[in-house]
Amino acid sequence: MKANNVMKVARDIYIEQMKWSSWFIGIMIAVYIGLNIARSYFNFDSGSVNNLFMFSAGSSMIYMFVIGIIAGASFLPQLFKLGITRKTCFYAMMVAAFYLSVSLPLIFILLSLVESLFTGLLQFNVAFFVLYVFSILVMYILGWMINVGFYKFNWMAGLVFVAFAIFMDYIYVLIWSKSIVALYDLDMLLSETFEMVVGYSNSSFLTSSLQTLLLTAIILTIIRLLTRNMPIKIK
């Protein structure tokens, strides 16, 4: 396996998924603007629409989980027909998933910067950015694992992978303790600094980050073992 081959395939997968993501980003912007317009007309209080970067966090996790499921075994048959090995495909998808997990938060940060030129409000924290990246990356590879489980085995075995993915997500939540609430409860983000949220955790931010990397490595190892000799269904 050549590194340049991996990076070339990863680039192609990343570009394709960014095309999908452009729709998601556009929808998020439209919903965000719509909620703010509705708030101005109907005078209801919704703190979660005060910042696009924070507003996008929870939806981004759901989105990444969905495209992880779609992409899990969807790219492999196409790439296999082009002479790409399973190993190269796996590492390319892993790299593309990381690129995508960093790109989405960065795009929403840039959009929030533009927004702040008009509102004068920008709530951003490096620690929250890291948690954002970790969360959508974990959701993506969990979706990937579920797709592979259904693709390689039958639907009953696939349900086992769904249950296992739920368990792994539960472990991830435990790793961050109450810190993960920040990505589900946007009102908390707007009322408290991220340092205060992290302070609720039983472990330090660095420890939680290292544990997350370990969890990610375990899930990716499982995916690699499943796809190593996985039959390819070529239509």
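Positions are given from 1 along the sequence.
Distance check, rounded to the nearest 0.5 Å: CE of M64 to CD1 of I141 gives 10.0 Å. Here the CD-CG distance, from Q78 to L82, works out to 8.0 Å after rounding to the nearest 0.5 Å. Distance check, rounded to the nearest 0.5 Å: NZ of K152 to CD1 of I223 gives 12.5 Å. Residue L215 holds its CG atom at 12.0 Å from OG of S208, rounded to the nearest 0.5 Å. Separating the CG atom in L142 from the CD1 atom in I219 is a distance of 4.5 Å, to the nearest 0.5 Å. Summarising the geometry, atom CG belonging to L159 is positioned 6.0 Å from atom CH2 belonging to W155; distances are rounded to the nearest 0.5 Å.
Taking all atoms of both residues into account, the shortest heavy-atom contact from A92 to A10 is O-CB, 3.4 Å. Residues I136 and S101 approach most closely at CD1-O, 3.2 Å, considering heavy atoms. For the residue pair M28 and S59, the shortest heavy atom distance occurs at SD-CB, 3.6 Å. Nearest heavy atoms, M94 versus W144: N-CH2, 3.9 Å. Shortest non-hydrogen contact noted between Q17 and A71 is NE2-CB, 3.3 Å.
In N154, the CG atom is crowded: over 12 heavy atoms of neighbouring residues, nucleotides or ligands sit closer than 6.0 Å. In this structure, F98 places its CZ atom where only 12 or fewer heavy-atom neighbours from other residues, nucleotides or ligands lie under 6.0 Å away.
By the 4.5 Å heavy-atom criterion applied to side chains, F134 and S209 are counted as neighbours. Residues L79 and I13 meet the side-chain proximity criterion, which asks for heavy atoms closer than 4.5 Å. Counting heavy atoms from C-beta on, the side chains of R86 and F90 never come closer than 4.5 Å. Side-chain contact between I107 and M18: present, with at least one pair of heavy atoms (C-beta onward) separated by less than 4.5 Å. Proximity of L110 to L106: side-chain heavy atoms (C-beta onward) are nowhere separated by under 4.5 Å. Within the 4.5 Å cutoff, side-chain heavy atoms of L226 are placed close to those of F161. Taking 4.5 Å as the limit, some side-chain heavy atom of I25 sits within range of a side-chain heavy atom of L104. For the pair I70 and N147, the minimum side-chain heavy-atom distance is 4.5 Å or more.
For Y132 and S60, the side-chain atoms include at least one donor-acceptor pair closer than 3.5 Å.
Residue W23 is not grouped with residue M139 when hydrophobic side chains (ILVMFWY) are merged at heavy-atom distances under 4.5 angstrom, including chains of intermediate members. Hydrophobic clustering of Ile, Leu, Val, Met, Phe, Trp and Tyr side chains at less than 4.5 Å, counting indirect connections, keeps L225 apart from M168. Following chains of ILVMFWY side-chain contacts shorter than 4.5 Å, one cannot reach I166 starting from V160, and the two form parts of different hydrophobic clusters.
Ring geometry, F128 versus F53: the interplanar angle exceeds 60°, so the pair is classed perpendicular (tilted spans 30 to 60°). Ring planes of Y99 and Y14: perpendicular class, angle over 60° (limits at 30 and 60°).
The closest donor-acceptor contact from the side chain of T85 to the backbone of T88 lies under 3.5 Å. A donor-acceptor contact shorter than 3.5 Å is absent between the side chain of Y151 and the backbone of I146. Although no hydrogens or angles enter the test, the distance criterion places no donor-acceptor pair under 3.5 Å between the side chain of Y32 and the main chain of F55. In terms of modelled atom types and a separation under 3.5 Å, the side chain of T227 and the main chain of R224 share a donor-acceptor contact.
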*asked:* If you apply the rule side-chain contact (heavy atoms from CB on, under 4.5 Å), what do you find for F150 with V162, and how did you get there?
replied: CA-CA 9 Å; F150 276 97; V162 171; 3.8 Å; yes
Given side-chain contact (heavy atoms from CB on, under 4.5 Å), test M7 with Y91 step by step and report yes or no. CA-CA 9 Å; M7 298 308 297; Y91 284 107; over 6 Å; no
- Item | Full working for side-chain contact (heavy atoms from CB on, under 4.5 Å) between I109 and F129 | CA-CA 9 Å; I109 287 173; F129 174 81; 3.5 Å; yes
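A ring-ring contact (aromatic ring centres under 6.0 Å, His included) with Y63 is found for one member of F24, F108, Y140 and no other, namely F24.
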